[in-house]
Structures are given as structure tokens and as C-alpha cells.
S.K.: 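Quick one: structure below, then a few questions.
Both counts, for ligands and for their atoms, begin at 1 and track the order of listing. Heavy atoms only: backbone and side chains are in, while hydrogens, waters and symmetry mates are out.
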Amino acid sequence: MNLVFLGPPGAGKGTIASEAKNYFGIPHISTGDLFRSHIKGHTDLGKQVKVILAAGDLVPDSITIEMVKQRFLESDAQNGFILDGFPRTIAQADALSEMKALDAVVNFVLDRDQIVKRLSGRRVCKSTGKTYHIHYNPPKVEGIDDETGEPLIQREDDKPEAILNRLSVYEEQTEPLIAYYREKGLLVDIDASPAPEKVFAALIKTVQK
Ligand code: AMP
């Protein structure tokens, strides 16, 4: 099953994808996670994109497309995948259509107010990438990761200025993909406002149709 998760930042794509990958037995390929792991590993690519991510801007298409191409070569991606955060531009979507045929594009629908609430309350464990929310999905002990006991951090790009920038980047560059995929008959809308278990159940139902 070749799936794309589309939708604004903070809509819960990553949370749902990490459940769905086990259910479908396919990898969760998040371009944001791939970039963050390059940054953490201080690779050349990581050094190149660090400032771009912190500001909430988009990494140039050529770099992003090449990274995804390489990821698709890995053995776990041969029988399906969930792409999360890619494509984000029409140029990326065109490039993807030459690499893989898609089964569905799941559009996570969430209004602006809720997006801002979710992003500003998001906290992350730096070493494992596990995410929490201060209200909707708090850790057992405030500010501490349940598994490692490490202090949770706020992503640079979840800080107020970057959030607003990411939203306008989303609206300008990524939202046009909704019409792009609707025209191709691939788009399915999913209400991203309920709790993750409900969104996940709706996803399974929708995709299995
Ligand atoms: P995410 O974790 O999906 O919110 O992505 C975090 C950041 O990584 C984005 O704000 C961009 O700076 C960068 N990024 C992730 N995916 C892409 C993409 N498909 N195209 C360009 N930049 C991306």
C-alpha cells in the first residue's frame, strides 16, 4: 500500500503514521524526521538545512526529492510506505508520480486555531523523537519523557514565529496539492480533530474501502 499523508503541520500525521505503519506493516517515511536526523548527525545535508528547518521554511525541492529517492531504494520501502510531509510542493508531487504509483492520499483536515493550539503545546524527546502534547497527550511526569526520563524540549519550529511561517508556507505551497490529488481521484479527506484513536479508526475504514 503506497500512501501519502497530506495536511497542515500539527494535524497529527506523524502520530497516526506511527500507528498505521505497524497495522499495515509498511515504513513511515517522514521527510521532517529524515532532515532532523541529518541535523542531529551533523551531516553535510544536516548543516545545509538546519537554519531552514528552524525558520519553518521549505528545503529546496531538488534536495528533498533526492533524499526521498534514496530512501525509496532501501529494502523496507519495496512493498509500500506511508509518506508523511512529502510531497509539499507541486514539483515534489510531479517527481513522486515518476517514482511511485499511489493508492491514496489522505488529507488530514484541521482548522487554523486547532493547528496553532496543537503545535504550540507539542513537546518532544530529543533522543527518541517521541512526541507529547502538554494538554492532549501529556507525559506521566510533566516535562519528562516516559521512557528515557530525559527532559522534553520544544522544537525550534514549534515556537510562535516559526508556527505562523509554517502555516503560511503550508497555505501557499502545499494546500494546492489538495486540488492536484483530488483531480487525480486519489484524495480522501479525514477529520483530524478527534482524539488519535478515533482518527486512526477512521483512517483504517477509509483506506480499506
Ligand atoms: P515536519 O516534521 O514534516 O513538520 O517537517 C519539518 C521541516 O522539515 C519543515 O518545516 C521543512 O523545513 C522541512 N521539510 C520536511 N518535509 C519537507 C518537504 N517535503 N519539502 C521541503 N521541506 C521539508
S.K.: If hydrophobic residues (ILVMFWY) are linked whenever their side-chain heavy atoms come closer than 4.5 Å, directly or via other members, who joins V51 in its cluster?
M.R.: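 Members besides V51: none; it forms no cluster.
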S.K.: Could you pull out every protein residue that has a heavy atom closer than 4.0 Å to ligand 1, ordered by chain and then number?
M.R.: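 Around ligand 1, where the cutoff is 4.0 Å for heavy atoms, the contacting residues are T31, G32, F35, R36, L53, D57, L58, V59, T64, G85, F86, R88, Q92, R155, D157, R166.
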S.K.: With sequence neighbours excluded, tell me which residues meet ring pair (Phe, Tyr, Trp, His ring centres under 6.0 Å) with H135.
M.R.: H133
S.K.: Give a yes or no on whether a salt bridge exists between K130 and D145, defined as a side-chain N under 4.0 angstrom from a carboxylate O.
M.R.: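 Salt bridge flag = no for D145 with K130.
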S.K.: How would you list all residue pairs meeting ring-ring contact (aromatic ring centres under 6.0 Å, His included) that involve residues 76-113, not counting sequence neighbours?
M.R.: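 Residue pairs passing ring-ring contact (aromatic ring centres under 6.0 Å, His included), neighbours aside: F5-F108, F72-F81.
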S.K.: I'd like to know if the side chain of D103 reaches the main chain of N2, judged simply by a donor and an acceptor atom lying under 3.5 Å from each other, with no hydrogens or angles considered.
M.R.: yes
S.K.: Kindly say whether P8 contributes a backbone atom to a donor-acceptor pair with the side chain of K13 at under 3.5 angstrom?
M.R.: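 Such a contact is found between K13 side chain and P8 backbone.
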